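All values derive from a computational prediction rather than experimental measurement. Convention: sequence-line order gives letters A, B, ...; per-chain numbering from 1.
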Amino acid sequence: MSNPIKLPFREGFCQLNKPEKSSKSARCTQSGIMFGISSINSVTKYYFLRINPGDSTNTGAKRNFLQYLLSSPFRKICYGAQEMYTYLIDMFNFPARQVCLTWLLLDPLVGCWLLDPDQPIHTFSEAIDRLGAKPAVIKKKDNFSQSCQLLGVLSLVVEKLYHNLSSQKLWKLFVDMEMRLVPLLAVMELRGISVDKAKLEKMNVLLKGQIDLLEAAAHKVAGKPFHLNSTVQLRTILYEELKLDQKHSIHIKETISLKAKSTSEPVLRQLKAVHPLPGIILEYRHLHKLRSTYTEGMMQHIQRNYIFTTWEQTAAATGRLTSSNPNLQAVPKHEVSLKSHVTAGPTTLHPDLLLRSPYVPRPGYTFLAADFQHIEFRLFAHLAQDPTLLQVFQQPEDIFITLAQLWYTNTRKLVQVQTRQETGQGLNLQVCNRVWPVGSQLDGLGMLGETLEPEDREKTKRIVYSVMYGAGAGKLAEFLQVDNAVASRIINSFMVKFPTIRSFFNLVVAKCRRDGKLHTIGGRQRLFPNIKSSNGGLRAQAERQAINFVIQGSAADLCKSAMLRVEQRLGSYPDLEAHLLLQIHDELVYEVQDSQLQQIKALVKEVMEDTTALLGESQELSIPLPVIITSGKNWADVS
DNA sequence: CTAGCGTCA
DNA sequence: TCTCTGACGCTAG
């Protein structure tokens, strides 16, 4: 650990001594980079490089110096590096590609999170406590001298971090994955995604219109105006004025906190049959949520036709990235229907809304999305070595459609098979029939309609993941809208068909009880203190989290690795222009130059499907991980 | 079932 | 008036 260059930034309130909560009074007015350079004989010299916004000298010597410093091979350390990077790249316009590939350093904020991802730290002093770095007595003379002293502590913190991470075999993951991700996330944040404001506004108006109609309808059937968002008022109307529960002798569950009669979704769905109001409320809540978050709410975040999200590296215990302010990972994917049962009107006035369609590429660019096909299910097959799934997953077929088809053909054996064979998709079905013969215990669900709709696939997918991660019959019944006996049968048929679900569960839980922690394919760890709890509920939860972590965390490793490797490969083709805009867990969305679309498609697919390279040469998956590439002129087109 | 974030009372 | 919390609903698997 020789020659560390330490880089906090912002004079006075650098990350090392910034207060717990960013309050207005603590906001710094001057900014720059504070750094210390240690020589061989351990003498450290400290400097402060002032960076004034709008200063023309920012483009000259200061820029060159920072570029030299940050891309130098010396070991550099910085607490909160992503924040520093966004600041610097924004200020100096450093070239994104080069930053991503060469600006590497060590950040104890991320390091501490790798040690215990359930307890991320938020301040430098927490890092000191967590790592047991000697509590330093900071003498308050002036900002500069205080910062110098903190830089000394930073060295100690990284020293401790190194020993902790190495002894837990996390160093490689830290340096080769998480630290390489930092500059990429900074670049993604700064690029932003462009938005068709007019389109978003139009959708907002359409939603508003529909919401107003629903509100009027609700007031009418309630007999008086009231605030539709108020559960208190709604409760009074439903149970004291309309007395829906008494009149129809329906028992209403009580809320846990206030032990008042619930107005929750399942309750309203139950009441829909006896009165129009609950149905209207449900529809209202749905549209109101969409408007306040995804149209009206999203417009608050637009800056000169762009939306800039924040990518959080240390927010999820499984190793996933998260997005916030706004959360672009939760923009609705499926079309929203404005057709209503209560508000009649010509359908032309109620078009379906695609809330992802206002997000568009810059002029001259096209969106390119790359999706890992059912990554967690495939990883389960690999990790559990399930013989049936290992066989099925040799082919890049859509297993959720296959399963949906299987259930369908089992309930109504004829028709569809023929047409699918004619369209050349019969092969999949034959494969699945060989593996899960018609008439097996997967049948009799009777919940799919005449033809296979996209919703059927979505439903099947949710069943698979629910059961895989240990859902009880009650929960499954609730979301499938079937009774408990049917849900039980579904779960049971899965367990019979894939006995490795249980054996893998037992294996993972046993390992977790032995070690107190588990590891993903990429070596990421998570601690499970409750795995030995005497409280059965807590223990069961820890067991489900354990299973989920191994799979979801491994998927996160692969996706992060894919982001980095695509970036590296693009680096060897300087003419190719592709900018990563979004990561939605298993999906990467790029903005690529129109004329280079085909070339980049091929490049991305090749890199992402090379799982051996993604995992490092020593590891290999038992199954391929097919990647689906789509492209288009708005985000809805590639979803 | 797991993992998140944003809205609202 | 402000901040925090729980329930809900959107996403991803």
Reckon A:R291 touches a base, only the sugar-phosphate, or nothing at all at heavy-atom distances under 4.0 Å? nothing
At 4.0 Å (heavy atoms only), tell me whether A:G553 reaches a base, stays on the sugar-phosphate, or touches nothing. nothing
Just checking A:R356: base, sugar-phosphate only, or nothing, at a heavy-atom cut-off of under 4.0 Å? sugar-phosphate
Rounded to the Å, how far apart are A:D371 CG and C:dT11 C1'? 13 Å
Students should find this one: the first and last nucleotides of DNA chain B, 5' to 3', lying under 4.0 Å from a heavy atom of chain A. What are they? B:dC1 to B:dA9
A:I551 CD1 - C:dA12 P separation (whole Å): 19 Å
Flag side-chain contact, heavy atom, 4.5 Å: A:V331 against A:I584: no
A:H286 side-chain N/O to C:dC10 phosphate OP1/OP2 under 4.0 Å: yes
Near DNA chain C, under 4.0 Å by heavy atom, which residues of residues 317-330 of chain A? A:R320, A:Q329, A:A330
Atom OH of A:Y294 and atom C1' of C:dT11 are separated, to the nearest Å, by 7 Å
Over all strands shown, is A:A316 touching base, sugar-phosphate only, or nothing at heavy-atom distances under 4.0 angstrom? sugar-phosphate
Within this structure, what is the CD-to-P distance between A:E376 and C:dT11, rounded to whole angstrom? 16 Å
Side-chain donor-acceptor pair under 3.5 Å between A:Q82 and A:E189, yes or no? yes
Nucleotide C:dT11, atom P - distance to CZ of A:R462 in whole Å: 9 Å
Output the distance between atom CG (A:L625) and atom OG1 (A:T611), rounded to the nearest 0.5 Å. 6.5 Å
Of A:S292 and A:D118, whose closest DNA chain B nucleotide lies nearer the 5' terminus? A:D118
Assign the ring pair A:H288 / A:Y284 to parallel, tilted or perpendicular, where the plane angle (0 to 90°) is split at 30° and 60°. parallel
Can you see whether A:S533 engages A:R539 through a side-chain donor-acceptor pair at a distance of less than 3.5 angstrom? no
Check the distance between C:dA12's C1' and A:L379's CG and give it to me in whole angstrom. 14 Å
Any side-chain donor near an acceptor of the partner, A:Q552 and A:T318, under 3.5 Å: yes
Taking side chain to side chain donor-acceptor pair (under 3.5 Å) as the definition, give me every residue that meets it alongside A:S357, ordered by chain and number, with sequence neighbours left out. none
Indicate, with a heavy-atom threshold strictly under 4.0 Å, whether A:K289 touches base, sugar-phosphate, or nothing. base
Could you tell me whether A:A556 contacts a base, only the sugar-phosphate backbone, or nothing, with contacts defined as non-hydrogen atoms closer than 4.0 Å? nothing
Count the heavy atoms belonging to other residues, nucleotides or ligands that lie under 6.0 Å from NZ of A:K208, then report whether that count exceeds 12. no
At 4.0 Å (heavy atoms only), tell me whether A:V331 reaches a base, stays on the sugar-phosphate, or touches nothing. sugar-phosphate
Taking atom C1' of C:dC10 as reference, at what distance in whole Å does atom CG of A:L355 sit? 10 Å
Under 4.0 Å from OP1 or OP2 of C:dA12: is there any side-chain N or O of A:K333 that close? yes
Applying ring-ring contact (aromatic ring centres under 6.0 Å, His included) to A:F504 and A:F380, what does each step give before you reach the verdict? CA-CA 9 Å; A:F504 181 64; A:F380 168 79; 5.7 Å; yes
How are the rings of A:F377 and A:F393 set relative to one another: parallel (under 30°), tilted (30 to 60°) or perpendicular (over 60°)? perpendicular
